Amino acid sequence: MLDLKFIRDNEELVKQSIRDRGVELGLDQLLEFDQKRRELLQESEQLKNMRNTVSKEMGQLMKQGEDVAERREEMRRVSDRIKELEDRVREAEKAVYQLQIRVPNVPHESVPRGADESYNQEVRRWGEPRDFGFEPLPHWELGEALDILDFERGVKIAESRFTLLRGMGARLERALINFMLDLHTQEHGYTEIFPPILVNEQSMFSTGQLPKLEAEMYRCRDDNLFLIPTAEVPVTNIHRDETLPEQSLPRLYCAYTPCFRREAGSYGKDTRGLIRQHQFNKVEMVRFVHPDRSFDELEILTENAEAVLQRLNLPYRVVILSTGDLSFAASKCYDLEVWLPSSGAYREISSCSNFTDFQARRADIRYRTPEGKSQYLHTLNGSGIAIGRTVAALLENYQEPDGSVVIPESLVPYMDGRERIEPPA
RNA sequence: GGAGGGGUGGCAGAGCGGUUGAAUGCGGCGGUCUUGAAAACCGUUGAGCCGAAAGGUUCCGGGGGUUCGAAUCCCUCCCCCUCCGCCA
């Protein structure tokens with residue numbers, strides 16, 4: 001959420017950002033409601049001042065046994081008028097607020113302008129796609145042949161876009177979780193968190209999922225709780241309504257959680273395999289940082305995510321999202337895209353964003369300077385990284401002509417020393 | 001699920017419908033004393049909004065009501081705690 005004053009003082013900038021993102025939003029309307037609101041507020045506060053003064057006098061006069069009937073009658077009328085004005089102030093406030101919470105964050109100046117993902121720009125590449133010398137299979141065929149991915153049973157137990165992992169498949173999933181958590185906690189300085197997987201409405205609002213993405217989320221019918229679409233939600237909300245000492249920044253947290261997304265409106269997309277699931281595992285990194293440092297912190301965060309792919313020796317590229325592809329709350333975002341041989345393309349496997357003070361304002365997360373002033377801090381988060389898609393990438397990139405899959409060296413200790421997944425005899 | 005208790009400033013904890021933005025204690029900050037520190041003592045110490053400013057206004061869990069006037073009375077919702085029951 002943007003500061004009202006900021007919107008007032010930077011009308012053109014905000015309008016430009018709304019245009020760049022291709023969003024429909026009546027900012028003029030917002031400003032009109034705000035203007036009205038302030039006028040009404042001033043009038044009602046003047047009357048309140050009068051009421052306070054006179055009421056105080058009346059208390060004294062009554063003690064002295066004087067007659068105050070006339071004033072009482074007058075003040076009754078003033079009170080009625082105040083009530084009327086307050087109602088109108090509240091209406092205006094509500095109208096402003098409803099628009100305000102829908103204004104997206106302002107993209108950083110370094111973000112390429114463009115209407116959609118075709119304006120995203122590649123920043124760098126790492127690793128060489130392997131030359132197989134045979135036709136690489138898609139991971140879902142490999143996984144079924146290895147008897148480690150069971151798509152049919154996943155659908156039977158739940159519905160489409162749910163998958164069951166078996167044997168070494170399940171083992172690989174668990175190994176990756178541990179491998180990533182160890183990397184981030186032991187080498188990148190993150191504190192490990194295991195948060196609630198169901199969260200309340202306020203938490204979803206704070207990080208920006210609500211009100212915009214309600215259709216994307218699973219909700220519990222009898223309790224006002226949502227299944228998290230990412231650990232970003234509970235972990236960012238750790239410090240909701242808190243003021244942290246400045247010297248405690250930056251605070252770094254990472255968390256493994258399952259994530260749940262309804263994928264509404266993606267019918268027909270990635271229907272096969274692990275790429276787009278309703279339930280998937282992810283290790284997420286979250287940073288609470290000083291505002292002056294957040295864009296530097298974004299570079300570090302992105303490197304932390306890259307380190308995972310580098311250790312696994314998976315070729316990838318880094319892409320900076322254009323204004324049109326940027327998520328609602330983000331000011332700047334890098335996507336990591338891993339090489340998937342079967343599709344001959346790079347596919348998103350991590351997303352690292354700087355939200356500046358956008359989430360902090362919604363969540364009321366501040367820091368206190370040594371001088372005692374409290375200010376909004378900046379929040380960032382990034383996948384470190386999506387587990388299911390990593391499994392897909394590993395199977396495809398490490399497949400052998402005989403249908404087996406080699407375990408990358410750094411993962412071997414996490415697989416009880418196993419170096420290869422073999423097809424069943 | 002049943003019974004009860006409670007939500008007030010950074011924390012703890014008072015508060016008769018009128019000068020209470022709120023006693024008191026702790027903590028924080030400043031000072032006196034001291035070679036230094038501790039102790040003691042003195043002073044000081046909430047936030048939002050409107051306004052160019054002066055100043056005004058709001059906030060005692062949320063919302064509504066009674067009243068000239070509500071932290072204080074009424075209604076309602078939410079949350080937390082304790083005990084019992086059930087349960088991983």
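These numbers were taken from a predicted model, which means no experiment stands behind them. A, B, ... follow the sequence lines: proteins, then strands. Residue 1 opens every chain. Any value given below was found using the heavy atoms of this structure, including those in side chains, with hydrogens, waters and symmetry copies removed.
Partners of A:Gln279 under the side-chain hydrogen bond (donor to acceptor under 3.5 Å, both in side chains) rule, at least two apart in sequence or in another chain, do not exist in this structure. In this structure, the ring-ring contact (aromatic ring centres under 6.0 Å, His included) partners of A:Tyr253, at least two apart in sequence or on a different chain, are A:His239, A:Phe288. Under the ring-ring contact (aromatic ring centres under 6.0 Å, His included) criterion, A:His184 pairs with A:His188, A:Tyr190, sequence neighbours left out. Judged as a ring-ring contact (aromatic ring centres under 6.0 Å, His included), and not counting sequence neighbours, A:Phe194 has no contacts. For A:Phe179, the ring-ring contact (aromatic ring centres under 6.0 Å, His included) partners at least two apart in sequence or on another chain are A:Tyr414. By the salt bridge (Lys or Arg N to Asp or Glu O under 4.0 Å) test, A:Arg71 is found to be paired with A:Glu57, residues two or more places apart in sequence or in another chain being considered.
Among the duplex regions that RNA chain B forms, those built from at least three successive Watson-Crick or G-U pairs under 3.5 Å are B:1-7 with B:78-84, B:10-12 with B:24-26, B:27-32 with B:40-45, B:46-50 with B:55-59, B:61-65 with B:73-77, ordered by first number.
Distance check on atom P: B:C75 versus B:G6 gives 16 Å, rounded to whole Å.
Applying the ring-ring contact (aromatic ring centres under 6.0 Å, His included) definition to pairs two or more places apart or across chains, none involves residues 16-68 of chain A. Listed by first then second residue, pairs satisfying salt bridge (Lys or Arg N to Asp or Glu O under 4.0 Å) with a partner in residues 416-425 of chain A read A:Arg171-A:Asp416, not counting sequence neighbours.
Distances shorter than 4.0 Å separate none of the side-chain N or O atoms of A:Asn49 from OP1 or OP2 on B:G56.
Figure legend: cation-pi geometry between A:Arg362 and A:Phe205, with NZ or CZ positioned under 6.0 Å from the six-membered ring centre and within 45° of its axis.
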Please list each protein N or O that sits under 3.5 Å from an N or O in nucleotides 6-11 of chain B, with the distance.
none

*Can you give one letter per nucleotide of nucleotides 70-81 of chain B, 5' to 3': B if a protein heavy atom sits under 4.0 Å from the base, S if only from the sugar-phosphate, - if neither?*
------------

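The stretch residues 26-43 of chain A touches RNA chain B through A:Arg37, A:Arg38, A:Leu41, A:Gln42, each having a heavy atom within less than 4.0 Å of the strand.
Taking the six-membered ring for Trp and the full ring otherwise, A:Tyr367 and A:Tyr376 have centroids separated by 6.0 Å or more.
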